[in-house]
Amino acid sequence: MARILITSALPYINGIKHLGNLVGSQLPADLYARYNRARGHEVLFLCATDEHGTPAELAAAKTGEPVTDYCARMHAVQKELSDGFRLSFDMFGRSSSPQNHRLTQHFATRLGQAGLIAEVTERQMYSPTDGRFLPDRYIEGTCPNCGYTRARGDQCENCTKQLDPTDLIDPRSAVSGATDLELRETKHLFLRQSAMRGQLSDWIEGKTDWPVLTTSIAKKWLNDGDGLQDRGITRDLDWGVPAQFDGAPWAGMDGKVFYVWFDAPIEYIACAGEWAAATGRTDAAWERWWRTDKGAADVRYVQFMGKDNVPFHTLSFPATILGSGEPWKLVDYIKSFNYLNYDGGQFSTSQGRGVFMDQALSILPADYWRWWLLSHAPETSDSEFTWDNFQVSVNKDLADVLGNFVSRVTKFCRSRFGEVVPAGGAYGDREQALIADLSARVAEYQAHMDAIEVRKAAGALRAIWVAGNEYLQAAAPWTAVKTDPDAAAMMVRLSLNLIRLYAVLSAPFIPDAAATLRAAMNTDDGWPDDVAAALAALPPGHAFTTPEVLFAKITDEQRADWATRFAGVRT
RNA sequence: GGGCCUGUAGCUCAAUGGUUAGAGCAGAGCGCUCAUAACGCUUUGGUUGGGGGUUCAAGUCCCUCCGGGCCUACCA
């Protein structure tokens with residue numbers, strides 16, 4: 001039995017995530033977690049809300065709530081939605097947890113003691129009206145290059161020119177519109193990533209089995225220009241982990257907090273501490289997942305994320321861990337995803353374009369979304385969601401191929417033999433061939449799942465479903481029953497066992513439907529390590545119930561309605 | 001500007017430099033009647049974005065042009 005630590009990129013606290021966010025990290029991570037649990041491995045699957053930073057403060061200000069209240073409320077909302085999508089986190093924590101405060105300050109201390117933190121004084125834009133320093137992109141003004149009047153302080157969206165806030169003509173706060181901006185000196189801590197460039201580069205160069213998407217982004221940052229740059233890890237904000245604390249190896253950082261991208265990855269570790277605390281476990285229980293000197297040496301750690309998160313997971317977070325000089329577990333494999341587009345354009349949180357997690361669950365059960373999203377996961381390039389494709393794929397795969405198979409088998413059995421697994425008859429060549437075929441296909445499915453090839457795994461699973469329909473069509477028990485009832489009984493018995501097999505194999509993709517099938521077949525969820533044996537799990541005389549329609553089809557009217565409803569801006 | 005990814009059938013996507021470029025869906029034809037008008041079988045469909053080059057051999061490698069996307073370190 002292997003031990004597998006799985007983390008999904010942390011969803012930011014600022015609002016409800018869309019389906020593109022979901023398929024880029026949490027959903028495939030859940031697929032992998034469920035699969036490995038089903039295979040009998042020991043899994044710890046962690047995720048949390050990423051709660052610090054300027055956007056959280058501004059979102060709270062907008063609703064009039066204290067930021068702590070806002071984050072608590074939004075955490076609950078995101079937790080409910082992740083439950084709705086059946087994301088099987090062992091812990092859905094919070095980066096604002098006491099565990100993360102302690103651990104973030106601990107890492108900062110270690111890095112400081114190791115000489116890997118520098119104090120840098122710089123000048124940044126301050127808005128007296130807003131009472132805060134403003135990140136570059138929160139300053140708007142007229143572009144000196146093209147005259148666009150809503151250029152941001154980091155880049156003009158119109159002409160794409162890189163800008164500095166001081167370049168802008170008539171700069172103003174994007175938060176309040178205030179124009180009384182001024183440059184103020186402020187001191188910040190920088191993580192000396194440049195000092196660790198060689199160590200990080202050697203580590204990345206050794207990861208030859210990682211997706212190109214992952215390593216190419218890392219190498220770009222390592223080698224671009226003057227090489228890996230130091231990164232500021234503090235901000236002038238109120239909401240976050242205080243950068244000044246007892247035992248800190250620096251002074252003068254009062255009123256500042258750590259930058260979210262410093263504390264958020266540390267929450268992966270702290271979240272394990274939250275898990276232990278929430279489930280009455282000791283520190284040793286979580287440390288055996290994270291400390292190689294305390295039992296984690298045999299852990300395989302896999303991270304899931306969208307491509308925009310890669311630099312922080314390949315460089316900054318490893319720099320934090322390596323720089324600490326302590327035996328923390330480093331990531332073994334990074335699975336990164338491209339983006340899911342929505343009907344010819346991008347999903348957009350800010351513009352409310354596309355389908356968001358709450359909306360998705362309000363119109364269809366989670367399994368529909370899980371199946372479509374995972375079977376179309378943007379692994380090699382960006383992929384595209386269209387309502388037409390969604391309707392056709394889901395109806396065909398889930399309703400016709402899988403759902404209808406269950407219907408035809410259970411209803412035929414009920415009408416001819418009653419709701420019990422019929423006795424009599426023995427396998428012939430056709431059945432032996434089916435078992436051989438399925439054994440190969442299950443092996444293929446497992447290989448793709450082990451390699452985290454999500455779309456290929458979905459294709460292999462679908463082929464297993466199709467094999468049942470092919471068998472049934474060729475065996476034709478509805479004909480055999482007229483002349484050879486024992487043979488028909490054997491065919492039906494095998495087919496009923498196929499339903500159980502499908503329930504077990506499909507559970508990582510469509511857990512609710514799988515649970516419905518297992519309950520209907522009145523059986524367990526043991527993995528089919530031996531397909532022939534698995535197809536005898538339901539013995540003659542075993543009672544079952546005929547399930548209701550497993551997946552109702554999406555009608556043309558529904559599709560048209562949804563396409564219209566979600567075309568424009570979220571209201 | 002720089003870097004990376006990408007362009008393959010009507011659609012969504014596959015193809016360690018090595019047979020005649022594949023699969024699902026959609027389309028067409030046939031079969032079946034247990035089933036959610038579902039299922040099965042057969043089948044149409046390609047100058048692999050354009051052009052040039054390397055090679056015995058190129059969807060794959062190189063150059064160039066065209067299109068799409070991402071990143072570019074202060075959003076997270």
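Each chain gets a letter, A, B and so on, in the order its sequence line appears, and its residues count up from 1. Fair warning: this is a prediction, and the values are worked out from it, not measured in the lab.
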Problem - Steps toward side-chain contact (heavy atoms from CB on, under 4.5 Å) verdict (Glu140(A), Leu168(A)) - result: CA-CA 7 Å; Glu140(A) 287 184 343; Leu168(A) 292 172; 5.7 Å; no
Problem - Among C39(B), U33(B), C74(B), the one nearest Lys396(A) by side-chain distance - result: C39(B)
Exercise for the section: Tell me what Arg462(A) touches on the nucleic acid: a base, only sugar-phosphate, or nothing, going by heavy atoms under 4.0 Å. Expected result: sugar-phosphate
Practice task
Verify the stacking flag for Phe412(A) against C34(B): centroid separation must be under 5.5 angstrom and the ring planes must differ by under 30 degrees.
Solution key: no
Fill in the blank from the handout: The single option from Lys256(A), Arg132(A), Lys187(A) that satisfies salt bridge (Lys or Arg N to Asp or Glu O under 4.0 Å) with Asp236(A) is Lys256(A)
Practice task
Go through U36(B), A73(B), C34(B) for me and flag the one nearest to the Lys411(A) side chain.
Solution key: U36(B)
Handout entry: Interatomic distance, Ile204(A) atom CD1 to Arg197(A) atom CZ [nearest 0.5 angstrom]
Key = 12.0 Å
Practice task
Check if the side chain of Trp221(A) and the base of A73(B) share a donor-acceptor pair of N or O atoms closer than 3.5 Å.
Solution key: no
Practice task
Counting heavy atoms from C-beta on, name the nucleotide in A38(B), G40(B), C74(B) closest to the side chain of Pro135(A).
Solution key: C74(B)
Exercise for the section: With heavy atoms under 4.0 Å as the rule, sort Gln229(A) into base, sugar-phosphate or nothing. Expected result: base
Exercise for the section: Look at Tyr259(A) and C75(B) and indicate whether a side-chain polar atom (N or O) is within less than 4.0 Å of OP1 or OP2. Expected result: no
Practice task
Pick base, sugar-phosphate or nothing for Phe405(A), based on heavy-atom distances below 4.0 Å to the nucleic acid.
Solution key: nothing
Problem - CD/Glu548(A): more than 12 non-hydrogen atoms of other groups inside 6.0 Å - result: no
Practice task
Looking at every strand, decide which applies to Thr410(A) at a 4.0 Å heavy-atom threshold: base, sugar-phosphate, or nothing.
Solution key: nothing
Handout entry: Lys17(A) to Phe356(A), cation-pi by 6.0 Å centre distance and 45° axis angle
Key = no
Exercise for the section: Could you check how far CG of Leu58(A) sits from C1' of A76(B), rounded to whole Å? Expected result: 13 Å
Problem - Nearest-neighbour nucleotide for the Glu122(A) side chain, G40(B), C74(B), A76(B) considered - result: C74(B)
Problem - Distance between P atoms of C32(B) and G40(B) (Å, rounded) - result: 16 Å
Handout entry: Among A73(B), C75(B), C39(B), the nucleotide that comes nearest once only the side chain of Arg137(A) is considered
Key = C75(B)
Completion exercise
Side-chain contact check for Trp478(A): nearest option of U36(B), C13(B), C32(B) is C32(B)
Practice task
Report yes or no: is there a donor-acceptor pair, N or O only, under 3.5 Å between the side chain of Gln473(A) and the base of C41(B)?
Solution key: no
Problem - Nearest-Å distance for atom pair CG/P, residues Leu472(A) and C32(B) - result: 16 Å
Fill in the blank from the handout: Of A76(B), A35(B), C39(B), the nucleotide closest to the side chain of Val260(A) is A76(B)
Fill in the blank from the handout: Heavy-atom closest pair (Thr214(A) atom, Ile334(A) atom, distance to 0.1 Å) is OG1-O, 3.4 Å
Handout entry: Out of A76(B), C71(B), U36(B), whichever nucleotide has its closest atom nearest the side chain of Leu550(A)
Key = U36(B)
Exercise for the section: Assign Val310(A) to base, sugar-phosphate, or nothing according to its heavy-atom contacts below 4.0 angstrom with the strands shown. Expected result: nothing
Problem - Short side-chain donor-acceptor distance under 3.5 Å, Tyr471(A) and Glu431(A) - result: yes
Problem - Nucleotide nearest Arg408(A) (side chain, heavy atoms from C-beta), chosen from G40(B), U36(B), C34(B) - result: C34(B)
Exercise for the section: Assign Gly468(A) to base, sugar-phosphate, or nothing according to its heavy-atom contacts below 4.0 angstrom with the strands shown. Expected result: nothing
Handout entry: Separation of atom CD1 in Ile266(A) from atom C1' in A76(B), rounded to whole Å
Key = 16 Å
Exercise for the section: Mind checking Thr54(A) for me? I need base, sugar-phosphate or nothing, with any heavy atom below 4.0 Å counting as a touch. Expected result: sugar-phosphate
Practice task
Take the angle between the ring planes of Phe304(A) and Phe337(A) and call it parallel below 30°, perpendicular above 60°, tilted in between.
Solution key: parallel
Handout entry: Sugar-phosphate, base or nothing in reach of Asp308(A), heavy atoms under 4.0 Å
Key = base
Exercise for the section: Assign Lys456(A) to base, sugar-phosphate, or nothing according to its heavy-atom contacts below 4.0 angstrom with the strands shown. Expected result: sugar-phosphate
Exercise for the section: Tell me whether the OP1 or OP2 atom of C74(B) has a side-chain N or O from Arg231(A) closer than 4.0 Å. Expected result: yes
Practice task
Would you mind reading off the distance between Asn309(A) atom CG and C75(B) atom P, rounded to a whole angstrom?
Solution key: 14 Å
Practice task
Measure from the side chain of Lys220(A), starting at C-beta and using heavy atoms only, and say which of C34(B), A76(B), G3(B) lies closest.
Solution key: G3(B)
Problem - Under 3.5 Å donor-acceptor pair, Asp400(A) side-chain atoms to A38(B) base atoms - result: no
Exercise for the section: With heavy atoms under 4.0 Å as the rule, sort Phe133(A) into base, sugar-phosphate or nothing. Expected result: nothing
Practice task
Would you mind pulling out the nucleotide paired to C4(B), Watson-Crick or G-U wobble, both distances under 3.5 Å?
Solution key: G69(B)
Problem - Mate of C30(B) where both pairing distances stay under 3.5 Å, Watson-Crick or G-U - result: G40(B)
Exercise for the section: Using the C1' atom as the reference point in each nucleotide, state the distance between U44(B) and G1(B) in Å, no decimals. Expected result: 48 Å
